[in-house]
Amino acid sequence: MLIDAAHLAEARRRIAAASDILVLTGAGISAESGVPTFRDALTGLWARFDPEELATEDAYRRQPGLVWDWYEHRRTLVAAAQPNPAHHAIVALAAQKKVTLVTQNVDGLHQRAGSTDVIELHGNLFANKWLDGCGRCEAAPDDGRSPPRCIHCGALMRPGVVWFGEDLPRVARYRAEHAAQTCDLCLVVGTSGMVYPAAGLPGVAKDHGAGVIVVNPQPSALDATADLVLRAPAGQCLPMLWPPCAAAPA
Ligand code: OAD
């Protein structure tokens, strides 16, 4: 995809001038790693399910096996994927400036690229927890049952992600809002901007005087908030926006 040269130059200038950058990422940043975006995730076997119906506590209580298997499918996919040049570029940026990285992704690819202190607004696919646990829950040795249950109380293990209708982790939300209020530039990468409160962060940044740049090959709900929209895939675009760091792979 050809990126508009004037937009690219303007984005470079703004990023070079910024000293405190909030980077907000969504599923699109992992698209070039082969991880389907949230709204594209239900392909093949899963095509007939609506993500907003699978990713709820209610759905889990009704059909734990089905929902657990869907997460197992996503875990397998993500485990086989590798961070792409966009993930690596953010590591390079953080070596040069103050960067607060806030992600809606649960795939852990930022961390695998080398980003530290990633603020995960929606939890992590690989961190399970208990649903209505007894406080001393222990998983039964793998008996092939799906999902695992506690040997003491029979509670269900559940994925450590935020489901629709659930609150965001409090500390992560607080830190993300603080970063939005104090940054001088908000760089929004690969999100449709449809799910709040994450989608509200660029608006908070703008209200506090920061510039907003969106990177997305498709129109998004955040284009109207942005000062500048780069219509390009993240893996192609981000490495062109600032110098690489020595540690980042070519
Ligand atoms: P979505 O699947 O809603 O949107 C993905 C965005 O990435 C779209 O706007 C695409 O145009 C864009 N995109 C696709 N390929 C791209 C690429 N190569 N480079 C850059 N952008 C690209 O994903 P999110 O916005 O992350 O929440 O979804 C937000 C939340 O909705 C998710 O975290 C999830 C879901 O409900 C929870 O699970 C709580």
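Counting convention: from 1, in listed order, for ligands and their atoms alike.
In this structure, His7 and Arg12 have side chains that are not in contact, with every pair of non-hydrogen atoms separated by 4.5 Å or more.
Residue Ala55 places no heavy atom under 4.0 Å from ligand 1. The closest approach between a heavy atom of Glu32 and any atom of ligand 1 is below 4.0 Å.
Near Gln218, meaning under 4.0 Å from one of its heavy atoms, ligand 1 places the atoms 11 (O). Less than 4.0 angstrom separates some heavy atom of Pro233 from each of these atoms of ligand 1: 17 (C), 18 (N), 19 (N). Atoms of ligand 1 found under 4.0 Å from any heavy atom of Ala27, numbered from 1 in the order shown, are 23 (O), 24 (P), 26 (O). Within the listing of ligand 1, atoms 2 (O), 5 (C) sit less than 4.0 angstrom from a heavy atom of Thr37. Residue Val162 has at least one heavy-atom neighbour below 4.0 Å for each of these atoms of ligand 1: 37 (C), 38 (O), 39 (C). Taking a cut-off of under 4.0 Å to the non-hydrogen atoms of Phe164, the atoms of ligand 1 that pass are 36 (O).
When only interatomic distances are considered, the shortest N/O to N/O separation between Thr191 and ligand 1 falls below 3.5 Å. Residue Ala234 has at least one N or O atom closer than 3.5 Å to an N or O atom of ligand 1. At under 3.5 Å, a nitrogen or oxygen of Asn216, whether backbone or side chain, sits near a nitrogen or oxygen of ligand 1.
The side-chain hydrogen bond (donor to acceptor under 3.5 Å, both in side chains) test applied to Asp117 returns Arg175, not counting sequence neighbours.
Placement of Leu201 and Val162 within a single hydrophobic cluster is found when ILVMFWY residues are connected by side-chain heavy-atom separations under 4.5 Å, directly or transitively.
Under 4.0 Å from ligand 1, the heavy atoms of His122 that appear belong solely to its side chain.
Sorted by first and then second residue, the pairs that involve residues 104-127 and meet ring pair (Phe, Tyr, Trp, His ring centres under 6.0 Å), not counting sequence neighbours, are His87-His110.
Closest to atom 16 (C) of ligand 1 by heavy atom, among Gly28, Gly165, Gly26, Ser192, is Gly28.
Under the 4.0 Å criterion applied to side-chain N and carboxylate O atoms, Arg231 and Asp223 are assigned as salt-bridge partners.
Within a 6.0 Å radius of NZ in Lys98, other residues, nucleotides and ligands contribute 12 heavy atoms or fewer.
Distance alone, capped at 3.5 Å, places no donor-acceptor pair between the Gln181 side chain and the His178 backbone. A donor-acceptor pair under 3.5 Å links the side-chain atoms of Gln96 to the main chain of Ala92, judged by distance alone.
Separating the CG atom in Leu156 from the CH2 atom in Trp130 is a distance of 8.5 Å, to the nearest 0.5 Å.
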